[in-house]
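What follows is a short report on a single structure.
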Amino acid sequence: MNSMVTIDRHILEEERSVPGATGAFSDLLYNIALAGKIIHREVNRAGLVNLLGKTGDINVQGETVAKLDDYANDVLVNTLSQGGRVCVIGSEECENVIHPATVGPDAKYVVHFDPLDGSSNIDANVSIGTIFSISERVTPLNTTPTEADVLQPGTRMIGAGYIVYGSSTIMVYTTKKGTVNGFTLDPSVGEFLRSHQNIRTPERGKILSCNVGHAQYWEPAVERFIRSVQTEDKQKGTPYTLRYIGSLVADVHRNLLYGGIFLYPPNIRGSLHRGKLRLLYEANPLAMVVENAGGLASTGEGRVLDLQPTALHQRTPLYIGSKQDVLEIERLIRDQSPEERG
Ligand code: P6P
């Protein structure tokens, strides 16, 4: 018998287990799930309603904006604004923070999101996703939110998750309670039904996810790790399989369920950059999900969640997935000579 627990029911059950809960956090999660259903509908028929392709605009990341990026961004901003629970929003698509049109007197939540991660894959019908993080403001209610509210370390998140639009649409989220749960959308009834209860990710994976096209830019530790998982070692369960979709949400979701490690290292040669992925609305929320499922998320130097952000669109190196794999690459990075390090 399939699960008949809807996401709303699950959210309510979690609310009831939190003493003093007012229902505001639940209301916010309902709105995110609603946005996911609306985006699902358009993603699934994009080719039929002229929503594929680019808008012709370039976003703050310097990337050409896909029509569905814009659409997903608008849906999320509007649903979060309607709820009146959010005091400020950070979006991958917008250079500056967004102040919701409706801010209730008790609006205490700060939400960051990537409305449609992996959007370069949209026209090829490859899985894409929405990633979100929720924190509480640190400045007083009814005042204009400041950088202190927007730039909080991941350890201060109270909720995080993603919605992956793939062969089915699945919403996965976690809260400070610590469990990770997944809900599969049944379009015939328009409900997210609990399909993955208390997700735990394997201690060690069998999957390596990285863009080997960038290998020339990586520090030696990354190459050593890759060689170590390519070498047959029955005890370690190697060689691993290489799986790389080029859509972060889809790669991380698969590795969360099956076990594995996703690597996006810094480029230490050529144009030095500290990784491509964004801290506040990609690495942090996925790190909270993966760590609450028993995995790890590292910058290579330490926990992603411990990083103190200094800018809304700040990037970070990202090594995320099965605990033993992440610990292994951290050790290899630590053991590098000073000359070898990025
Ligand atoms: P590369 C998509 O553009 C994205 O931001 C992530 O979803 C994905 O993991 C990464 O970039 C892919 O980057 O350099 O391998 O194409």
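One-based numbering, in listed order, for ligands and for the atoms of each.
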Check: every ligand 1 N/O to protein N/O pair under 3.5 Å:
unit_1   : atom_1 : unit_2 : atom_2 : d
ligand 1 : 7 (O)  : Asp117 : OD1    : 2.8
ligand 1 : 7 (O)  : Asp117 : OD2    : 3.0
ligand 1 : 7 (O)  : Leu248 : N      : 2.8
ligand 1 : 9 (O)  : Leu248 : N      : 3.3
ligand 1 : 11 (O) : Lys276 : NZ     : 3.0
ligand 1 : 13 (O) : Lys276 : NZ     : 3.1
ligand 1 : 14 (O) : His214 : NE2    : 3.0
ligand 1 : 14 (O) : Tyr264 : OH     : 2.6
ligand 1 : 15 (O) : Asn211 : ND2    : 2.8
ligand 1 : 15 (O) : Tyr244 : OH     : 2.5

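Sorted by first and then second residue, the salt bridge (charged side-chain N to carboxylate O under 4.0 Å, His left out) pairs involving residues 318-332 (not counting sequence neighbours) are Arg204-Asp325, Glu328-Arg331, Arg331-Asp335. Sorted by first then second residue, the salt bridge (charged side-chain N to carboxylate O under 4.0 Å, His left out) pairs that include residues 287-306, not counting sequence neighbours, are Glu291-Arg303, Glu301-Arg341, Arg303-Asp306. Listed by first and then second residue, the salt bridge (charged side-chain N to carboxylate O under 4.0 Å, His left out) pairs that reach into residues 227-239 are Glu232-Lys234, sequence neighbours excluded.
Checked by atom type and distance alone, the side chain of Arg315 pairs as donor or acceptor with a backbone atom of Lys276 at under 3.5 Å.
The only option from Leu286, Leu277, Leu208, Val290 that meets the side-chain contact (heavy atoms from CB on, under 4.5 Å) definition with Phe262 turns out to be Leu277.
The 12-atom threshold is not exceeded at CD of Glu95, counting heavy atoms of other residues, nucleotides or ligands nearer than 6.0 Å.
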